[in-house]
Amino acid sequence: LLVGVGGSGRQSLVRLAAAMWEFSCHTIEITRTYDVSAFHDDLKRFMFEAGCDAKPVVFLFSDTQIVKESFLEDINNILNSGEVPNMMETEDMERILAAVRPLAKAAGKSESRDAIYAHFVQLVRENLHIVLCMSPIGDAFRVRCRMFPSLINCCTIDWFDEWPKDALLSVAERYFEGVDLGTPEIKKEICEACVEMHYSVGRTSEAFFAELRRKTYTTPTSYLELLNLYQSMLGEQRTIVQQKIAHYQGGVNKLVETNRIVDSMKKELIDLQPVLAQVWIRVRVWVRVRVRVSSS
């Protein structure tokens, strides 16, 4: 029984543990038409894999998947006795008897129907590991623990608390390990700032609850979202800066080219000044000649 707010890493830890032990991890997929019958079909599938195939199975079940409270009643029965009363139909019993008979015989059990089914239930109790992810927020958790005592009596309870500062700092350092943030000193200060921002939100949430009696939570998921947000915004700002640099660089290149053209024109004008002076003298002489000719 994993107790913690949503986003505290309960399901991720279960999948990691199942992968480390090489257990198959299963969960249910809630749809609009998902009902008790579909839930029983999923339970049969998990129980057949654990009891008929004798394979270790992890059934991950979250409180967000509780469409009907009868789901918890079935899980309460499995935790208490290893079976759900009246769930197996005739064809299911025939499948169990055919698959478990060799296993029961190898274990030295008799081959009667009751002995074979009892061995099936024993295999289910040994191989089917049920992991429940519950949130302590609100009254639902307290009511369910009171209505279904096997959730407490037959489970090991693990509470998921907030991460300490050194863990948050380690996650930030590992997350920004391949990100260019300048010097190592700047990267360290950015990581420490992320940790302080996360903890300041927690302190503000406590003050908010003390003043308005409204509870808000910060989780490791929100901290990872903070790191993702910083990295995405950093990438966006760097893209904007690169675009501005390219834009300004184009303008600078135009100015440099224009100055080069102006300098070339200035040089051409300086080179043409003697020629222009000679032309001007010839023009004046020609004008004077024309004036004399016209006056005579």
Side-chain angles (χ1 to χ4, degrees), residues 1-3 10-11 13-30 34-63 65-134 141 143-158:
L1 178 60
L2 309 183
V3 183
R10 300 165 301 174
Q11 299 187 30
L13 185 62
V14 172
R15 291 186 171 91
L16 176 61
M20 292 174 63
W21 281 93
E22 296 182 354
F23 290 178
S24 59
C25 183
H26 302 289
T27 185
I28 61 175
E29 183 177 356
I30 302 299
Y34 197 86
D35 54 3
V36 177
S37 178
F39 183 66
H40 282 174
D41 292 338
D42 287 331
L43 286 182
K44 291 178 185 178
R45 180 162 52 89
F46 305 148
M47 294 175 69
F48 288 157
E49 185 175 353
C52 297
D53 301 334
K55 294 181 180 179
V57 180
V58 176
F59 173 34
L60 177 59
F61 187 71
S62 175
D63 54 359
Q65 297 173 328
I66 302 177
V67 179
K68 296 184 179 181
E69 293 298 319
S70 61
F71 290 3
L72 284 178
E73 183 177 358
D74 295 336
I75 292 178
N76 182 79
N77 291 327
I78 295 178
L79 291 172
N80 189 29
S81 62
E83 61 175 336
V84 178
N86 302 322
M87 185 179 68
M88 298 298 178
E89 300 178 357
T90 304
E91 57 270 18
D92 299 325
M93 290 298 299
E94 294 299 328
R95 177 181 177 182
I96 292 172
L97 294 175
V100 181
R101 179 175 283 108
L103 301 176
K105 184 177 180 180
K109 304 290 183 64
S110 64
E111 298 186 23
S112 62
R113 294 176 62 92
D114 293 339
I116 293 175
Y117 186 74
H119 189 68
F120 169 77
V121 173
Q122 179 183 350
L123 291 176
V124 170
R125 291 174 62 89
E126 293 175 357
N127 295 322
L128 181 59
H129 305 274
I130 299 178
V131 182
L132 306 175
C133 300
M134 298 290 182
F141 179 66
V143 172
R144 287 164 178 167
C145 290
R146 186 174 64 250
M147 292 178 60
F148 308 105
S150 294
L151 299 181
I152 304 298
N153 300 331
C154 301
C155 290
T156 301
I157 305 176
D158 291 333

Derivation of the side-chain contact (heavy atoms from CB on, under 4.5 Å) call for Met134 and Ile66: CA-CA 10 Å; Met134 298 290 182; Ile66 302 177; 4.3 Å; yes

Distance-only polar pair, side chains of Thr27 and Gln65, donor-acceptor under 3.5 Å: yes

Contacts table for residues 87-108: side-chain donor-acceptor under 3.5 angstrom, sequence neighbours left out:
unit_1: Asp92; atom_1: OD2; unit_2: Lys44; atom_2: NZ; d: 2.9
unit_1: Asp92; atom_1: OD2; unit_2: Glu89; atom_2: N; d: 3.2
unit_1: Arg101; atom_1: NH1; unit_2: Leu97; atom_2: O; d: 3.4

Close side-chain approach of Val57 and His26, heavy atoms under 4.5 Å: yes

Check: Arg144 side chain, Glu69 main-chain N or O, donor-acceptor pair, under 3.5 Å: no

Separation between CG of Leu123 and CG of Leu128, rounded to the nearest 0.5 Å: 11.5 Å

Whether Phe120 and Phe48 hold their rings parallel, tilted or perpendicular, with breakpoints at 30° and 60°: tilted

Nearest-0.5 Å distance that lies between atom OG in Ser62 and atom CG in Leu2: 10.0 Å

Spacing of CG belonging to Asn80 relative to CZ belonging to Phe148, to within rounding of 0.5 Å: 13.0 Å

Under 3.5 Å donor-acceptor, Asn127 side chain and Ala50 backbone: yes

Point-to-point distance, once rounded to the nearest 0.5 Å, from SG of Cys133 to CG of Leu60: 4.5 Å

Evaluation steps, side-chain contact (heavy atoms from CB on, under 4.5 Å), between Ser81 and Val121: CA-CA 8 Å; Ser81 62; Val121 173; over 6 Å; no

Interatomic distance, Glu73 atom CD to Ser150 atom OG [nearest 0.5 angstrom]: 11.0 Å

Intermediate values then yes/no, side-chain contact (heavy atoms from CB on, under 4.5 Å), Lys109 and Ile116: CA-CA 8 Å; Lys109 304 290 183 64; Ile116 293 175; over 6 Å; no

Plane angle bin for Phe39 and Phe59 - parallel if under 30°, tilted between 30 and 60°, otherwise perpendicular: tilted

Side chain Arg10, main chain Leu1, donor-acceptor under 3.5 Å: no

Separation between OG of Ser70 and CG of Asp74, rounded to the nearest 0.5 Å: 6.0 Å

Partner of Cys145 under side-chain contact (heavy atoms from CB on, under 4.5 Å), chosen from Ile152, Asn153, Val3: Ile152

Heavy-atom pair with the smallest gap, counting every atom of Pro85 and Asn77: CD-ND2, 3.7 Å

Side-chain heavy atoms of Ser24 within contact of Lys55, under 4.5 Å: no

Step-by-step side-chain contact (heavy atoms from CB on, under 4.5 Å) determination, Tyr34 to Ile28: CA-CA 10 Å; Tyr34 197 86; Ile28 61 175; 3.5 Å; yes

Heavy-atom check, side chain of Leu151 versus side chain of Leu79, under 4.5 Å: yes

Contact check, side chains of Cys155 and Val131, non-hydrogen atoms, under 4.5 Å: no

Minimum-distance pair of heavy atoms, taken over all atoms of Glu83 and Tyr117: OE1-OH, 2.7 Å

Closest non-hydrogen atom pair between Pro149 and Asn76, with its separation: N-OD1, 3.8 Å

